[in-house]
Protein chains: 2
Amino acid sequence: MSLRYAILGYLSTAPGTGYDLARQFDTGLGWFWTANHSQIYPELRRLTEEGLVERDATAISENVDKFVYSLTPAGREALREWTSQLPVYPPNRDGERLQLIFGDETPEALHAHLTAHRDHFVQRRQRLKETLDAIDAGTHERVKARVANRSKKAAAITLKLRQLAYAGDIARAETEIAWAEDALKWLETVRPQK
Amino acid sequence: MSLRYAILGYLSTAPGTGYDLARQFDTGLGWFWTANHSQIYPELRRLTEEGLVERDATAISENVDKFVYSLTPAGREALREWTSQLPVYPPNRDGERLQLIFGDETPEALHAHLTAHRDHFVQRRQRLKETLDAIDAGTHERVKARVANRSKKAAAITLKLRQLAYAGDIARAETEIAWAEDALKWLETVRPQK
DNA sequence: TTGTCCATGTAAACAGTTACATGATTGA
DNA sequence: TCAATCATGTAACTGTTTACATGGACAA
């Protein structure tokens with residue numbers, strides 16, 4: 001049920017099209033939530049029917065329209081209500097851990113597994129750091145747009161929350177990197193010639 | 001697609017019923033993967049049809065049977081193949097982060113949010129530590145069963161992989177706790193009288 | 001006899017992915 | 001003119017959750 005709030009949240013910064021949302025889910029917002037356009041367009045229709053968003057047709061040429069969605073007051077209130085609720089933690093579903101604990105009959109695959117894990121999170125950390133730097137430097141477009149029409153005090157909170165979110169994900173990546181490196185060190189003590 | 005491997009992995013330790021699997025997904029294995037019985041029974045049927053598991057009827061009373069599933073050689077091979085593959089990382093979907101970054105209009109909810117986050121992961125860490133202690137002490141039933149029919153060297157790998165998995169999840173919990181505590185400290189500097 | 005656990009299923013709804021489908025605009 | 005990007009949709013399939021459905025065993 002978070003898809004709709006990801007959409008409402010995005011539109012709470014500025015109006016946009018379904019295509020904008022799909023693009024955003026592939027880049028910025030995609031760190032926290034993602035969806036394909038095949039999921040976005042039907043959800044936008046439902047949100048419109050429920051009165052949480054409003055759709056305006058904008059001509060992009062003579063006979064072609066695009067649809068710009070914006071939050072209604074009811075939509076803004078629905079978002080506020082949702083962000084006020086306590087977080088709900090979904091059940092763990094970690095295929096990688098399954099590979100690990102049931103991979104005791106294929107230990108020869110461990111080295112590649114752990115290396116891939118480390119590399120994956122090194123890359124992740126890199127991209128997260130770039131985003132966090134952009135936020136800190138004030139060059140992050142979406143954050144700039146969100147901060148724009150807020151008071152100085154409110155803007156500071158917006159900024160801090162983004163920093164918390166990205167710093168948290170960076171910390172997660174670092175935990176994974178340290179874990180993989182520890183595990184690789186152990187592996188070396190077990191099979192030194194490899 | 002990991003559900004089937006969670007099942008194959010479970011059965012690779014010892015045969016069991018669908019009910020056993022459901023119970024296990026609610027407890028031990030549930031840390032890494034979970035499923036309801038409504039998903040398990042159909043999957044067991046498919047695995048049987050594909051020849052990866054084998055089902056035997058065992059009488060529990062005169063006219064009632066239960067069905068004990070065990071891995072076939074093909075099933076064991078399918079599991080080996082899967083654990084040999086590199087991990088696949090699913091797209092992030094983190095509703096809590098969305099609540100955070102779009103919660104800049106409801107900052108009054110932040111304190112409860114962060115406290116709940118910390119408490120959630122403190123509890124998680126506690127339960128994880130208990131499990132890891134049981135593994136270290138050799139009192140963890142499933143691990144004991146898995147280690148039982150292995151050579152000393154193979155058993156050591158089984159043990160180490162479990163320890164890695166649980167230690168990794170403990171490290172994750174600790175990252176979350178530290179993150180929430182840092183954020184709470186910042187909150188106090190912003191709104192000291194609360 | 002009542003509640004809990006054991007045990008196995010199906011059905012409907014919801015969420016997410018992949019594939020099918022179309023067409024305009026823009027820049028190399 | 002060819003490829004990339006903009007733009008919007010539907011259909012089929014897979015995976016997950018919630019609800020419906022049934023019945024035996026066992027202990028308080």
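Values below: every heavy atom of this structure, side chains too, minus hydrogens, waters and symmetry copies. Every chain is numbered from 1 and lettered A, B, ... according to where its sequence line falls, protein lines coming before strand lines.
Under the 4.0 Å criterion applied to side-chain N and carboxylate O atoms, A:K185 and A:E181 are not assigned as salt-bridge partners. The residues A:R118 and A:E176 are annotated as not salt-bridged, no charged nitrogen and carboxylate oxygen being separated by less than 4.0 angstrom.
We find that CZ of B:F25 is positioned 18 Å from C1' of C:dC6, with the value rounded to whole Å. Atom CG in A:D26 sits about 12 Å away from atom P in D:dT5, given to the nearest Å. Going from atom CD of B:Q24 over to atom P of C:dC5 covers 17 Å, rounded to whole Å. In this structure, B:E43 places its CD atom 16 Å from C1' of D:dT17, rounding to the nearest Å. In this entry the distance linking CD1 of A:I7 with C1' of D:dT8 reads 14 Å, nearest Å. Taking atom CZ of residue A:R4 and atom P of nucleotide C:dA15, one finds them 8 Å apart after rounding to whole Å. Taking atom CE of residue A:M1 and atom P of nucleotide C:dC14, one finds them 10 Å apart after rounding to whole Å.
Here B:R93 reaches the OP1 or OP2 of C:dT17: one of its side-chain N or O atoms lies under 4.0 Å away.
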Could you go through nucleotides 7-11 of chain C and list every protein N or O atom that sits under 3.5 Å from one of its N or O atoms, giving the distance for each pair?
from, atom 1, to, atom 2, distance (Å)
C:dA7, OP1, B:K66, NZ, 3.1
C:dT8, OP1, B:F67, N, 2.9
C:dT8, OP2, B:Y19, N, 3.0
C:dT8, OP2, B:Y41, OH, 3.1
C:dT8, O4, B:H37, NE2, 3.4
C:dG9, N7, B:H37, NE2, 3.3
C:dG9, O6, B:H37, NE2, 2.7

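With sequence neighbours excluded, no residue satisfies side chain to side chain contact (heavy atoms under 4.5 Å, CB included) with A:V88. In this structure, the ring-ring contact (aromatic ring centres under 6.0 Å, His included) partners of A:F32, at least two apart in sequence or on a different chain, are A:Y166.
No hydrogens or angles considered: a donor-acceptor pair under 3.5 Å links the side chains of A:S12 and A:R146. In this structure, a donor-acceptor pair under 3.5 Å is present between the side chains of B:R124 and A:N92.
The side chain of B:L3 lies closest to D:dT16, out of D:dG15, C:dG16, D:dT16.
Within the 4.0 angstrom heavy-atom criterion, only backbone atoms of the sugar-phosphate kind lie near A:P91; the bases stay farther away.
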